[in-house]
There are 2 protein chains.
Amino acid sequence: MNPFRANAVAETVSQHMKPPVDTKDKILDVAEEIFAEKGYSATSMRTITSRANVNLAAVNYHFGSKAQLYQAVFQRRVAPMNKQRIDMLETLEQKANGNPLALEDILRAFIEPALRASLNPNQGGTNFIRLLGRTHAEPGPEVHDFLPLLYEKVKDRYRSALALTLPELSQEELSWRVHFVIGTIAFTLAGTDALEMIESCRYCDPADIEGIIQRLLPFLQGGLSAPAALTKSTID
Amino acid sequence: MNPFRANAVAETVSQHMKPPVDTKDKILDVAEEIFAEKGYSATSMRTITSRANVNLAAVNYHFGSKAQLYQAVFQRRVAPMNKQRIDMLETLEQKANGNPLALEDILRAFIEPALRASLNPNQGGTNFIRLLGRTHAEPGPEVHDFLPLLYEKVKDRYRSALALTLPELSQEELSWRVHFVIGTIAFTLAGTDALEMIESCRYCDPADIEGIIQRLLPFLQGGLSAPAALTKSTID
DNA sequence: CCTACCGATCGGTAGG
DNA sequence: CCTACCGATCGGTAGG
């Protein structure tokens, strides 16, 4: 609850007293929690601000609107998570030296940053992961139109790596498979079933995370490496 | 807009005048459309009733509450759809005469009723299918707690059929796989991404759904038939 | 002119 | 099934 932001605060404090905990961060933390629990439109700004002990107007002052606050919650978490994903992939690629990567390694590099975030409250914990999974299906343009943009880079990078590993799949076929993979992961992490496993062992048994990977990996691996579908012309 | 319900109306009309189009059905049709577009909590009862040209109080009169209206929208569609799924599976099983079914046949029997519903406006069309997919991740107990109950029977029946076809998978492993399959289908049908991937137009040809199935089937088939994960004891 | 808010209230709408 | 409302709450903004 007490972040080490003394330097940053000291720089901006001039004549007014400022609280040690940034109002912006406090709003983001509480918004993340309540959005995850209730969804976007069922969450009121008053619920957020009252639980964060800040003024209602602070949300508009700092973020502009409720919708922009929602986006800010994601920006804070998704950027580092997807950076991890790209870093892990690049490490693998350097080791492979131009050769195709193992399918399992690619999938692990993609999944592990999300699972690590779900274990670490400083990265949003289960709240954020569930929110992330849910947002893929959330209605309203203002709420999920920005997600594809946040995922564009990481999606392209992984699609390229997968294209090397699965040369028999066409570009289009591969795009669909990547879409299915993200969907399966999102649904699994958004659902209560899998998350209850994580949540019940939040501070005790990281092997349970590994357990979910162990279930998910073979399924995704088998799905990705399946032979391509028949063309539509066969049906016509 | 003018359903042929003259008989049904004649039976129930006693002393009050009733319109030829049932108010209940009109509410259900409009509610299905708006819930699919906006989601549950962003949809107001006033929006529904005004677009349906009925009084605001009629929703509470006929359904009890907004949440019960939401459930009624599902009850009307899911029951026949899941009956189709079970009928198709039983037809396959009778032909097979106790032998394991082909994995693709099982998956098609599960997917096709949803596909058919999405093509037929009298079964809800794309509105309902998208709503159905989204509801799996919708927050709020009143909104998606009833879904597992509606799916319990069909899930058990298909799990049994899959157990015969995939005898190398343990019960627990199979439950996870079925969970993943439903998740992938739900995510794909709920997302606008999938439609956008096919065509940029907003009101795409619903027949494109068959194209999605062609992409989905190999992925699910490969995922389901993948070898089981290593046991946890290997990790310890 | 800037920052980080405050107390109060705006016009409308929620489910019942 | 409609009219007439209720307690409360909605997202957002005024001047200071």
Side-chain angles (χ1 to χ4, degrees), chain A residues 3 5 7-31 34-35 37-73 138-143, chain B residues 5 8-9 11-31 34-35 38-73 138-143:
Chain A
R5 294 193 42 147
N7 311 346
V9 170
E11 281 169 18
T12 46
V13 164
S14 49
Q15 34 209 2
H16 308 295
M17 285 298 291
K18 295 201 177 181
V21 176
D22 206 21
T23 300
K24 267 181 95 164
D25 289 336
K26 217 159 44 172
I27 292 173
L28 285 171
D29 288 341
V30 173
I34 305 181
F35 280 140
E37 187 193 336
K38 308 259 192 189
Y40 175 74
S41 54
T43 299
S44 76
M45 287 171 62
R46 281 165 176 83
T47 305
I48 294 171
T49 51
S50 69
R51 207 185 292 187
N53 287 318
V54 301
N55 188 274
L56 168 64
V59 170
N60 261 276
Y61 177 80
H62 284 290
F63 301 99
S65 69
K66 185 189 179 187
Q68 285 172 284
L69 167 62
Y70 194 78
Q71 295 187 23
V73 169
E138 191 103 20
E142 78 278 14
V143 157
Chain B
R5 295 196 42 148
V9 170
E11 282 169 17
T12 46
V13 164
S14 49
Q15 35 208 2
H16 308 295
M17 285 298 291
K18 294 204 178 180
V21 177
D22 205 22
T23 300
K24 266 182 96 163
D25 287 337
K26 217 159 46 171
I27 292 172
L28 284 171
D29 288 341
V30 173
I34 305 181
F35 280 141
K38 310 257 191 190
Y40 175 74
S41 54
T43 299
S44 75
M45 287 170 63
R46 281 168 175 81
T47 304
I48 295 171
T49 52
S50 69
R51 207 185 292 186
N53 286 318
V54 301
N55 188 274
L56 169 63
V59 170
N60 261 276
Y61 177 79
H62 284 291
F63 302 99
S65 69
K66 185 190 180 187
Q68 284 172 285
L69 168 61
Y70 195 78
Q71 293 188 23
V73 170
E138 191 104 19
E142 77 278 14
V143 157

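Naming: A, B, ... by sequence-line order, numbering from 1 per chain. The figures here come from the full heavy-atom set of this structure, side chains too, leaving out hydrogens, waters and symmetry mates.
The stretch residues 39-52 of chain B touches DNA chain C through B/Thr43, B/Ser44, B/Met45, B/Arg46, each having a heavy atom under 4.0 angstrom from the strand.
A pairwise comparison of heavy atoms in A/Thr49 and A/Asn55 identifies CG2-O, 3.7 Å as the closest pair. Nearest heavy atom pair, residue B/Ser41 against residue A/Ser41, reads OG-OG, 2.7 Å. Here the closest heavy-atom approach between residue A/Ser50 and residue A/Thr47 is recorded as OG-O, 3.3 Å.
Residue A/Asn55 places none of its side-chain N or O atoms closer than 4.0 Å to OP1 or OP2 of C/dA4. Taking 4.0 angstrom as the limit, A/Thr23 places a side-chain polar atom (N or O) nearer than this to OP1 or OP2 of C/dC5. Between D/dT13 and A/Asn60, a contact under 4.0 Å exists linking OP1 or OP2 to a side-chain N or O.
Distance B/His62 NE2 to C/dG16 P: 16 Å, rounded to the nearest Å. If you take CD1 of A/Ile27 and C1' of D/dG12, they are 14 Å apart, rounded to a whole angstrom. Rounded to whole angstrom, the span from the CZ atom of A/Phe63 across to the P atom of D/dG11 amounts to 16 Å. B/Asp25 has its CG atom 12 Å from the P atom of D/dC1, to the nearest Å. Regarding A/Leu56, its CG atom lies at a distance of 10 Å from the P atom of D/dC10, rounded to whole Å. Rounded to whole Å, the distance from CG on B/Asn53 to P on D/dC2 is 11 Å. Rounded to an integer number of Å, the gap from NZ of B/Lys66 to C1' of C/dT13 is 12 Å. In this structure, NZ of A/Lys38 is placed 10 Å from P of D/dC10, rounded to the nearest angstrom.
Residue B/Met45 is tested with B/Val59, B/Leu69, B/Ile27 for a side-chain contact (heavy atoms from CB on, under 4.5 Å); the sole match is B/Val59.
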| request: Would you sketch DNA chain C in dot-bracket for me? Only Watson-Crick or G-U wobble pairs with both distances under 3.5 Å count, crossing pairs as [ ], other-strand pairs as |, the rest as dots. | output: .....|.|.|..|.|.
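A/Arg51 pairs by the salt bridge (charged side-chain N to carboxylate O under 4.0 Å, His left out) definition with A/Glu33, not counting sequence neighbours.
When side chains are defined from C-beta on, A/Phe63 does not count as touching A/Gln71, because their heavy atoms never get closer than 4.5 Å.
D/dG12 sits 13 Å from C/dA8 when the C1' atoms are compared, rounded to a whole Å.
If you take CG on B/Asn53 and OG1 on B/Thr23, they are separated by 10.5 Å, rounding to the nearest 0.5 Å. Note that the NE2 atom of B/His62 and the CG atom of B/Asp22 stand 7.0 Å from one another [nearest 0.5 Å].
At least one cation-pi condition fails for B/Lys66 and B/Phe35: the charged atom is not both under 6.0 angstrom from the six-membered ring centre and inside a 45 degree cone around its axis.
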